[in-house]
Amino acid sequence: MNPFWSMSTSSARKKSDSEERSVSGEQKTSPPRSSATKKQLPSIPKNAIPVTKPISPITSTQSTNGTHASYGPFYLEYSLLAEFTLVVKQKLPGVYIQPSYGSALMWFGVIFIRHGLYQDGVFKFTIYIPDNYPDGDCPRLIFDIPVFHPLVDPTTGELDVKRAFTKWRRNHNHIWQVLMYARRVFYKIDTVNPLNPEAAVLYEKDIHLFKGKVIESVKLCNSHLFDQPKMDDPYAISFSPWNPAVHEEAREKMLSQKRKPEDQMKSMHVSGLSWVKPGSTQPFSKDENTAQT
């Protein structure tokens, strides 16, 4: 039985017995009650135990991003899906990205360099995203084959991403910015605090030797372009040599879609008067031989 209710009933019984003795001994009548007086609840006994809500044995936990721990995986999946949507909308030139089949925290990518010192370079890479994204550290970008560059580690092939993102700020920094930074480093060379001191010194002191090293690095990466991906993942980016039976149809579709807007522009027939007569700078001019209406 609840101690609160047991104590309250016993006190009520004692009170009723004492009231009966006083009434029988003194024979006093209570004054008439006024209709305007309010009813009052009986006072709580001093020894009564207050009733409280039961405490759950499992304490609730909060994740670092402010959401309940049980919602963590769903929040992370939603955040990464939103990030990939932003990457697609940016349409970064020469950059292609594909999330891994096995883990949403790993993305495969490739960068095509179309001009500059690293022209004709095709560099495959992998992005590793922290499991507490977007509240953790910045994502890591590692090239499959180390590129000869001042900001790329010559041993691991990791790009110095923290140079641009010293502190990853939630809702401010995004993965597409990391991809844009990875593309920009091949067009604008930075030699301050390099991960590859040799590349930085050659770029500053002997640009011709630096260009030679870059050409060798580009050839090395391109020579391994058709190698099988290092990870056994069906979504890993892979290249195959040109095969007309396989690739010609896809090539024609892409070219036809590219020519379609041009054909539409050629088919458009524009008629009407010109605002400026040829050979004249006078606006709203038209041929003098035009019939007057």
Side-chain angles (χ1 to χ4, degrees), residues 62-67 69 72-73 75-100 103-113 116-118 121 123-205 207 210 213-214 217 221 231:
Q62 290 282 340
S63 61
T64 55
N65 54 24
T67 59
Y75 179 81
L76 177 60
E77 183 178 357
Y78 174 80
S79 300
L80 295 176
L81 179 61
E83 287 290 343
F84 183 72
T85 303
L86 290 176
V87 171
V88 175
K89 289 182 178 180
Q90 291 300 319
K91 297 180 179 180
L92 300 176
V95 179
Y96 299 88
I97 201 75
Q98 176 66 44
S100 168
S103 173
L105 298 174
M106 183 170 58
W107 294 9
F108 304 109
V110 60
I111 298 179
F112 293 85
I113 306 300
L117 295 173
Y118 293 85
F123 307 125
K124 297 168 66 176
F125 62 88
T126 305
I127 289 182
Y128 297 92
I129 305 171
D131 55 0
N132 58 344
Y133 186 87
D135 297 299
D137 205 351
C138 61
R140 299 170 59 200
L141 191 150
I142 301 178
F143 291 99
D144 290 5
I145 299 177
V147 186
F148 187 78
H149 191 283
L151 303 185
V152 177
D153 191 295
T155 304
T156 63
E158 183 170 0
L159 177 66
D160 188 7
V161 178
K162 291 186 178 181
R163 175 185 298 266
F165 307 93
T166 54
K167 183 179 180 181
W168 189 263
R169 292 182 289 176
R170 179 185 180 188
N171 297 329
H172 182 78
N173 298 127
H174 301 281
I175 297 179
W176 70 265
Q177 296 171 335
V178 176
L179 297 174
M180 185 174 64
Y181 167 74
R183 177 182 178 273
R184 188 175 65 243
V185 298
F186 292 105
Y187 296 101
K188 186 177 180 181
I189 311 299
D190 187 5
T191 59
V192 179
N193 298 324
L195 293 182
N196 189 339
E198 180 188 2
V201 171
L202 290 180
Y203 181 80
E204 295 289 344
K205 304 296 183 180
I207 189 63
F210 177 81
K213 291 280 189 178
V214 168
S217 179
C221 293
M231 298 184 182

Of all heavy-atom pairs linking Leu195 and Leu159, the shortest is CD1-C, 4.5 Å
Return the orientation label for the Tyr96 and Phe112 ring planes: parallel under 30°, perpendicular over 60°, tilted otherwise.
perpendicular
Closest approach of Val161 to Pro139 (non-hydrogen atoms, all atoms of both residues)
CG1-O, 3.7 Å
Please report whether the ring centroid of Trp107 lies less than 6.0 Å from that of Phe84.
yes
Nearest heavy-atom pair of Pro130 and Cys138: which atoms, and what distance?
CG-O, 4.2 Å
Using a strict 4.0 Å threshold on nitrogen-to-oxygen distance, state whether Arg163 and Asp190 make a salt bridge.
yes
Parallel, tilted or perpendicular: ring planes of Trp176 versus His174, cut at 30 and 60 degrees
parallel
Just by modelled atom types, is the Phe165 backbone N or O under 3.5 Å from a matching donor or acceptor in the Trp168 side chain?
no
Please work out which of the three classes, parallel, tilted or perpendicular, describes the rings of His149 and Tyr118, given edges at 30° and 60°.
tilted
Are the side chain of Glu204 and the backbone N or O of Val201 linked by a donor-acceptor pair below 3.5 Å?
no
Exercise: identify the closest heavy-atom pair between Thr156 and Pro146
C-CG, 4.4 Å
So, Glu158 side chain and Ile142 main chain: donor-acceptor pair closer than 3.5 Å or not?
no
For the student: nearest non-hydrogen atoms of Val95 and Arg183, plus distance:
CG2-CD, 3.9 Å
Within the side chain of Ser217, is there an N or O that forms a donor-acceptor pair under 3.5 Å with the backbone of Phe148?
yes
To the closest 0.5 Å, what do you measure between CE (Met180) and CD1 (Ile175)?
13.5 Å
Over all atoms of both residues, closest heavy-atom pair of Val110 and Phe125:
N-CE2, 3.3 Å
Backbone N or O of Lys162 within a donor-acceptor pair of the Thr166 side chain at under 3.5 Å?
no
Interatomic spacing from CE in Met231 to CE in Met106 - rounded to 0.5 Å:
4.5 Å
Look up atom CD1 in Ile207 and atom CG in Leu117, then write down how far apart they are to the nearest 0.5 Å.
5.5 Å
Hey, what do you get for CG (Leu92) to CD1 (Ile111), rounding to the nearest 0.5 Å?
9.5 Å
In Å, rounded to the nearest 0.5 Å, how long is the span from OG1 of Thr191 to CG of Asn193?
9.5 Å
